[in-house]
Structure formats: structure tokens, C-alpha cells
Amino acid sequence: MLTKAPRGTRDLLPEDCAKWLHVEELFRKICERFGYREIRTPTFEHTELFQRGIGEATDIVEKEMYTFLDKSGRSITLKPEGTAPVVRAFIEHKLFNEPLPAKFFYISPCFRYERPQAGRLREFHQFGVEAFGSPSPSIDVEVIALAVLFLEKLGLSQLKVHINSLGCKRCREDYKKRLNEFLNNKKEFLCETCLVRLDRNPLRILDCKNEGCRKVLESAPVILDFLCDDCRKHFEQVKKELSAVGIKFEVDPGIVRGLDYYTKTVFEIISEELGAQSAVCGGGRYDDLIEECGGPPTPAAGFGMGVERLTLLLESKGLLKIDSWAMDAFIAIAGEEQREYGLRLLYDLRRDGFSAEIDVMGRSLKAQLKYASKIPAKYVFIIGEEEVETGKITVKDLSTGLQEKMTFEEAKALLKKR
RNA sequence: GUGGAUAUAGUUCAGGUGGUUAGAACGCCAGAUUGUGGCUCUGGAGGCCGUGGGUUCGAGUCCCACUAUCCACCCCA
């Protein structure tokens, strides 16, 4: 136990960190290009924020939260998703007084107590964006387009975008009623879990994979037929604008999302190569959430993207190969007599902004060369008796194997060139 | 939370029906005469065989429990 990371958690070793950093930097760049600014919220929040925000009847709130009492008896929960905390911060700091729309992005750890699986951990990480203040379909499209562009820039252009509309409070209630009536007459064909869902959250039945349930659903009422005029127009406009900006999509009435706050547009970006955990990104519009959390009525939309799933995908497609020289130079000394001379050059390089190392293992010159090519270093500066005397060091290019003698200043100029 | 599979060096894996000092490859370290990496050759270090019980004269091998990993369900990122 002592030397084992807790179940569902994992370490990112230096090699992993380099890859993550690469992906994170690209995400930041794309977000900024779209006018989204970074926001960081606490790792934990008051439990009630998630109970209210995500919805009491959801799986997340019912059985997946890391909830505990702190030393003064407050109920605290590690954030299971990124949206509710950003909404809370938006309200708390009265950011609705800033010019709207207010657009944020975040990179955040999230925690859910679930059975771990490939692409599903107890501590995982989400990239997310939230746009507050605009009811326009153009915002729904922007959020989807941001995700798509980001994935494209990473080299993932074949992912499928599925969209659906859940309508607003009013049309959804109508639909729920009709769906309930319909399903109540077909109870004998539904699986056990769906019978439970029938009372609690009938929408969930729509994405059941059970064969019997699927069959029943073929003739079930579809929410898209129940949208009110406003919601229908909104959805039509989203589709038009997606096409206008060149995003291919598929209308999928089966996506309902596991969080209660969604209204109108919902979407998922899916990869078939991830096994059961196929959703890389999921999001949509949530026009009522901010008001429900105590803020002024404010329409909003956003998404969350799973970093672990994303890197899993990139890794499997060989898109995370980061092979750069780790070091500009390695200072190799022929003997301990040259150490101080070497150290002077080493710190001169470091002060000048170059990356450089020197032997600290007492290795032979041969072993130093071997080590230098493993790190790998681009150049080795070899310092022996002769070099110290003449003031000209031997500079070896490890990629070509060629070497020549030059002054330290000339060597630095060489580093600068590459 | 439910069902199934798995657990042996740093890593990927061998170790028929239980029988002495548990192996390989890669990686790591060191050598192959005088100050030079990658290729090659040689040598070395490194494993209470996931943990704890049990059966047995004897368990890496059989049984049980626990833990972890993987897969499916559930759900989602």
C-alpha cells in the first residue's frame, strides 16, 4: 500500500508530462484564439453546489462523489466536473457585470468514485470551456468548433460529432410525459435498469444498449418532434451554422447526457477506438443553471473533454511522439583536473539560456559520451588537458559524429544557430 | 455496485500433470590497452514469484480471502 498509488489514480512520469504539456499548450492556444480566458477554481467545493448544479437524481451525485466532512463539519466534495464550479465563480464574483459574453476555459482535475477501466480513472483531468451570457446558436457552434479545431490540430480529424436537442424546460416536460405514457405500456419489454429509470429519469432509457429496450425505442416518440418553436429554430440554426463552418455532424436522438442541467443543444465527440469509454468530449447548452444556482438568468454553453482519453487516443495513433534534443550541450571532462574549467563553461551556458549538463557520476570519458547520447544532448563539449591549455574546446555534434576545435564563444554561436 | 480474466526482474514475457541455487529479451551498470557515443562482443547488478492464510514431506505451480490491473455491464470525460 505504502508504495502504491491509490486505486484509480496514477503518476505522470516526466515522459508523460512532456506529452501532456504539449497537449495543454495547444489547448490554451486554441482557446485564446477563440477569446476564452483561463479560470482556475478550487479542487473542492461545498457539496450542495454539485447536488443542486448537477442534479440529485444523477449517477454522479447519487454514488460517485468524493464527499467528506472537514474538521468543522462542513460537507465538502472534490469536484466531479468542471462546469458547476465555474458557474459558482461567475456568480460569486459578479462576472455578469463584465462585458458579455464571458468566456472561460480550464484545465482541471476531477474526481469520481467509479470502477476504474481504461480511459476511466477516479482522478482524471478535463479540458473545458464555458461561455456565459449569449442565447445565440452561434455560441453552441463556437463551442463545438473549438473542440473540433483543437482535435484537428492534434491530428484527430476522423472523430464523429453527434448532436441532439433536449429542448427547454417546457418542451422537455411535454416530451417526458409522452415518453412516460409510451413506455408505461411497454414495460414488459424493458430491462430491469430501465424500469427503475422510468420513474427517476426516463430520458436515460434513450441510450440503453439492451436489445429489448432498443426495439421498443424504435417506435418511441422522439424529442426532436416535441421541440417548441423557439427550440426548433435554435436547433435548425445550430445545424446550419455547423455546416457553414465546415463541421460534419450527425443528429443522434440517443444522446441525453448524464447531467441534468442541459437544455437545447447537447453534443458528444466520439471515437470508436476507445472501447466502452468512447466519448472524448461532451457538452451543450445549459440556459437555466446559473439562475438555479442563485445568479441572474443567464444562458450558457460549454463542454468538457477527457484528457486521459484524449492522450490514450493520440498515443494509439502515434501522434504524441515528442522527440527533441533534451540538452543543448553536455560538458565532458577527460579527468577531474578539468572539472573546474568545465564547471565555468557549464554555468556560463546556463546563464546564457542554454540547457547543459556535466558529469556528476565520476564516469570515464567514454561513458560520458554514451550518457550524453542517451539524454540526448545535441553537442558534447570535450575538455581535456590540451583544450584547457589552448583555450579551444573540442565540439562534437552527436547527430553527425563530426567534431572540431573552436573557442567557447564560437561554440556558443553554434548552439545559438540551431 | 454486478459479472469475467489476470497478477513472475525496471519493462514485455517463459516457467507441461507441485520436487534442489526461478529464466530470456530489452533496459540499466561496467569492460573490450593509450582522451570519444550510437553497432558488435564480454561480464555484472537486479525477483520474500501482488499480499495474507491454507493443503502438502515440499507451492511460482493447488485451494481460500484480500488488494490491484484489464474487459464487459452501469455510467461518463
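Reckoned from all heavy atoms, side chains included, excluding hydrogens, waters and symmetry mates. So that the names make sense, note that chain A is the first sequence line, chain B the second, and so on, each numbered from 1.
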Colleague: If I take atom NZ in residue A/K4 and atom C1' in nucleotide B/rC66, what distance separates them, rounded to the nearest angstrom?
Modeller: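 Spelled out: NZ on A/K4 to C1' on B/rC66 is 12 Å.
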Colleague: For a quick check of understanding: with a heavy-atom distance under 4.0 Å over all strands, which category does A/E114 fall into, base, sugar-phosphate or nothing?
Modeller: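 Contact class for A/E114: base.
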Colleague: Over all strands shown, is A/V280 touching base, sugar-phosphate only, or nothing at heavy-atom distances under 4.0 angstrom?
Modeller: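 Counting heavy atoms under 4.0 Å across all strands, the contact made by A/V280 is with sugar-phosphate only.
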Colleague: Could you tell me whether A/G128 contacts a base, only the sugar-phosphate backbone, or nothing, with contacts defined as non-hydrogen atoms closer than 4.0 Å?
Modeller: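 No contact.
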Colleague: Please verify the inter-ring angle class for A/F150 with A/F127; under 30° counts as parallel, over 60° as perpendicular, anything in between as tilted.
Modeller: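 Rings of A/F150 and A/F127: perpendicular, over 60°.
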Colleague: How does each nucleotide of nucleotides 32-53 of chain B score, in 5' to 3' order, for protein heavy atoms under 4.0 Å: base (B), sugar-phosphate only (S), or none (-)?
Modeller: ---BBBB---------------
Colleague: Describe the nucleic acid contact of A/R10 in one word from base, sugar-phosphate, nothing, applying a heavy-atom distance below 4.0 Å.
Modeller: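 No contact.
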Colleague: Taking any heavy-atom pair under 4.0 Å as a contact, classify A/G8: base, sugar-phosphate, or nothing.
Modeller: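 Answer is sugar-phosphate: A/G8 comes under 4.0 Å of backbone atoms only.
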Colleague: Counting any heavy atom closer than 4.0 Å, what does A/C281 reach on the DNA or RNA strands: base, sugar-phosphate only, or nothing?
Modeller: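 If one applies the 4.0 Å heavy-atom cut-off, A/C281 turns out to touch the sugar-phosphate alone, with no base involved.
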Colleague: What does A/L310 touch in the nucleic acid at a heavy-atom separation under 4.0 angstrom: a base, only the sugar-phosphate, or nothing?
Modeller: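 Nothing: the residue A/L310, judged by heavy atoms under 4.0 Å, touches no strand.
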Colleague: Heavy atom of residues 31-69 of chain A under 4.0 Å from RNA chain B: which residues?
Modeller: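 Heavy-atom contacts with RNA chain B come from A/D59, A/E64.
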Colleague: Dot-bracket for RNA chain B, please, read 5' to 3', with Watson-Crick or G-U wobble pairs under 3.5 Å on both distances, ( ) within the strand, [ ] crossing, | other strand, . unpaired.
Modeller: (((((((..((((.....[...)))).(((((.......))))).....(((((..]....))))))))))))....
